[in-house]
Amino acid sequence: MKILIINGPNLNLLGKRQPEIYGSVTFDQYFADLQFLFKEIELASYQSNVEGELINRLHEAQEEDYDGIVLNPGAYTHTSLALADAVSSIETPVVEIHISNVMDREQIRHISYISKNAAGVVSGFGLDGYKLAIQSFVNLRNQ
Ligand code: DQA
């Protein structure tokens, strides 16, 4: 099984950025935990602050035969029709994840352009949301 994690803008700063919201662990540290936990899964991760690069990566992922994509679109969640179109343009299932509980934050964060075309949404469980999203792909495969 092959899963790609795609992180959007400002998520390169995890561990440093607003730790009261996003925690104090860097994504690299957490990614090592994920690899340890899901040894049987080929995990890859990609981050970009650039909307078009995220779209390109989604398109490429489809050609690379990923079983699933775990996408944290960051603030593009609430603004990007182009990213939403990319999610709906590929066959690979996408689980949307947010570290924070976006529904417990500002009104603008209650809107997601992505959710409609996502296989599911995980929000509010901290970095462990990535674990839950990966587990959801494992569960689907074992159904
Ligand atoms: C986020 C929530 C977004 O509203 C925010 O812009 C982010 C991170 C999250 O993981 O909680 O950059 O996607």
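Start at 1 and go down the list; that is how both ligands and their atoms are numbered. Note that the coordinates shown come from a computational prediction; the quantities given were computed from them, not determined experimentally.
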Mark yes when over 12 heavy atoms from residues, nucleotides or ligands other than [X] sit less than 6.0 Å from its [atom1]; otherwise mark no.
X: Glu42; atom1: CD; answer: no
X: Lys116; atom1: NZ; answer: no
X: Glu40; atom1: CD; answer: yes
X: Phe38; atom1: CZ; answer: yes

Original post:
Does a donor on one side chain and an acceptor on the other come within less than 3.5 Å for Ser48 and Arg57?
Top reply: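 Distance-only check fails for Ser48 and Arg57.
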Measure the distance from [atom] to every protein heavy atom, then report the residue, atom name and distance (to 0.1 Å) of the closest one.
atom: atom 1 (C) of ligand 1; result: His98 ND1, 3.7 Å
atom: atom 3 (C) of ligand 1; result: His78 NE2, 3.5 Å
atom: atom 9 (C) of ligand 1; result: Ile99 N, 3.3 Å
atom: atom 8 (C) of ligand 1; result: Tyr22 OH, 3.4 Å
atom: atom 11 (O) of ligand 1; result: Ser100 OG, 2.6 Å
atom: atom 5 (C) of ligand 1; result: Arg109 NH1, 3.3 Å

Check this for me - ligand 1, [X], N or O atoms closer than 3.5 angstrom, yes or no?
X: Val102; answer: no
X: Arg105; answer: no
X: Ala75; answer: yes
X: Thr77; answer: no

Original post:
Side chain, backbone, both or neither: which part of Asn72 has a heavy atom under 4.0 Å from ligand 1?
Top reply: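 Side chain only.
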Original post:
When rounded to the nearest 0.5 angstrom, what is the spacing between CD1 in Ile3 and OG1 in Thr92?
Top reply: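 One gets 11.5 Å once the value is rounded to the nearest 0.5 Å.
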Original post:
Between atom CD1 of Ile99 and atom CG of Asn72, what is the distance when rounded to the nearest 0.5 Å?
Top reply: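 With rounding to 0.5 Å, CD1 (Ile99) is 5.5 Å from CG (Asn72).
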**OP:** Could you tell me if any non-hydrogen atom of Arg17 lies under 4.0 Å from any atom of ligand 1?
**Re:**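 True for this residue.
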Subject >> Centroid-centroid under 6.0 Å between Phe31 and Tyr130 rings >> reply: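 Ring centres of Tyr130 and Phe31 not closer than 6.0 Å.
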